[in-house]
Structures are given as C-alpha cells and as structure tokens.
Amino acid sequence: MAKDKLIGVDLGGTTIKFAILTEEGEVQQKWSIQTNVLDGGAHIVPDIVQSINHHLDIYQLSPDRIIGIGMGTPGTVNRETGTVRGAYNLNWADEQPVRQQIEDGTNFSVNIDNDANVAALGEAWKGAGNNDNEVSFMTLGTGVGGGLVANGKLIHGKAGAGGEVGHIVVEPNGYLCTCGNRGCLEQYASATGVVHLAQDFAEQYVGDSQLKKMIDDGEEVTSKIVFDLAKEGDFLANETVDKVAYYLGFAAAAISNILNPSAIVIGGGVAAAGEFLRERIERNWSPFAFPTVRNSTVVKLAELGNDAGVIGAASLARPEKPAQES
Ligand SMILES: [Zn+2]
C-alpha cells in the first residue's frame, strides 16, 4: 500500500492538537485532547501515542499508509537526539526522550521541532507564505516567537536558538526580559508587553482616555482591550499601539534586511487585531527596510490560525525535498 498520509501533532500546555493530512497538506481529520501535566508531565507522551493509535483505528486507516509523524513542542529541541528540555509549562523537569518514545509506541518515524518553528513551516507551506522558499514568521502571544525559512529550510542556528526573534533588542537598556537582557521585542509586543507599555504611558498622560481611566481605577487591562480602545479612537491606546507597531516594524525590518523573504508573516493572539495592526507595522517597517527589500518583501497577516501548528508539524514528516535552485 502506498504511503500517502502525514500526521501532525501540536503539543501545547493546555491542549494537544492532532491532524491527519494528505502529502499535499490538506487536513483530512482533526482532533484534540487535554494536556495532562500531572506527575511531572509523565502522561503526555503516552497519551499522544494512545490517541494516535486509537484514531487510526477509528478512521480505519492502515498504518501502512502513514509516511510519518511530525510534532511541534514547547521547550528546546535537540533534533539529533529527538529530546526536549526546558518545557516548563509541561512540567518536564528533565530532558525527555520524546522522539524515541513516540516511535516505540506507534512504529512510525517521528520528527520534532519547537512550536514557533513548526507554526512558521505551516504558514510558509499552506498559509500566507504561499509555499515560497523564503518566509519569515513572527508570532505575538504570551511571548514573541518566530521561525525563519530560508532556501526552503528552517534556520536553527548552532544551538537551536536561530529564529528567536522575540529577543531582538529594540530598545537598548529597556524593559528587563526573562532572558536576562534588556529591551527585547518580547517585552513590548507580547500580550503582557503591550499592557506594560500602556501602563507606563498612562503614568505620564494627563488627557482624556478611557484606557487611562481603566488603568488608574485598577481594572484588568488586556492587550485586546488596548487594541479595541485604539480602534475606537482612544488617544492613549493609540499612542501605545503606535509604539508597539514601531518596535515590530523595526524588528521586522531587521529580519527583512538580512533574509529578504517574500513575506514577513505576523501571527499569534495579539495579531488578532488584524489589518489595523498590520498596516501600522508596515508603515513603521518601510522606512527601516533596505530599498530592494522594501520593494520585494511584503508584511502579511498569518492565515492559518490555530491550524498552523499541526500543518507545519506534519510537514516535518514529508520526505526531504531538495532545495530549489534560485
Ligand atoms: Zn530577551
């Protein structure tokens, strides 16, 4: 029987998403389970194995048709050993032999990469990247992550930290970052970063603003509230969004000037602000972009939403395609 199906797994701190796809990347089946992080995360990999085997049964899909499994995971992935460490939201204290355990439990070959890289692959393949070989991806959520596809391949770097765009310094001596440095993009353009910036601006602002009133009254303010108020014309909210867009435009231009991707794709929860945010990022990106880059790279919104992870993960299981000549 010909092998013609890919399995994608998107492992997250609250849910594990699964999909079965054709070789061309069309999603045919999707399901998800809760992530059980109890007992040091010891149930996570057995649950993944059990769920895959169970669903192949349900869909009456012969294991002979499965090309392989690809998975995106939090933490730092050692792609040589197939191990994962530093996935604290999964309660994994030690390095985990994830690839070996899933291969043993399913008898399929398994490839693993980190979640932001996998989402980048998804968007590059079936989303805003239009299957181009040159696509850069930034995801704005709880943190700021990214994945850089160049010559059709992810950039991993020497120690797997390639594509960590959230730690581009956009404000020398700025906000202290969890990485220990100061002024990283993540501290300004993540969901909490946007709120932090709004709070700082509110302290110095004396004019009329619903956002300032909420902050002064101690109400809970989220990045979504900041963007919604900005869309309604709130002055302080707009000042905040303009600054966020400035930092994002600056970082996006730095990435673009190095890689000259066909698209720099913005995704993640904060990017739900949509065209309102994209247009402001582009306006800030443009003056920092090298002229040839300005005329050949475009700033786009992600298109796959939550499916980017499973689709990109599944692409890890595709047979190695030779990089296209350019
Ligand atoms: Zn940092």
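Start at 1 with the first residue, then count along the sequence. In each ligand, atom 1 is the first atom listed, and ligand 1 is the first ligand listed.
Ring-centre distance between Y205 and F235: below the 6.0 Å cut-off.
For the pair K224 and F227, the cation-pi criterion (under 6.0 Å, within 45° of the ring axis) is not fulfilled. Note that R280 lies in the cation-pi zone of F276, set by a 6.0 Å cut-off to the ring centre and a 45° limit from the axis.
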Residues Y175, R182; criterion side chain to side chain contact (heavy atoms under 4.5 Å, CB included); working and verdict: CA-CA 5 Å; Y175 293 162; R182 284 188 174 274; 6.0 Å; no

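Residue E220 qualifies as open at atom CD: its count of foreign heavy atoms under 6.0 Å is 12 or below.
Listing protein N, O or S atoms at distances below 2.8 Å from the Zn ion (ligand 1), with waters left out, gives H167 ND1, C177 SG, C179 SG, C184 SG.
For D4, the salt bridge (Lys or Arg N to Asp or Glu O under 4.0 Å) criterion is met by R65, not counting sequence neighbours.
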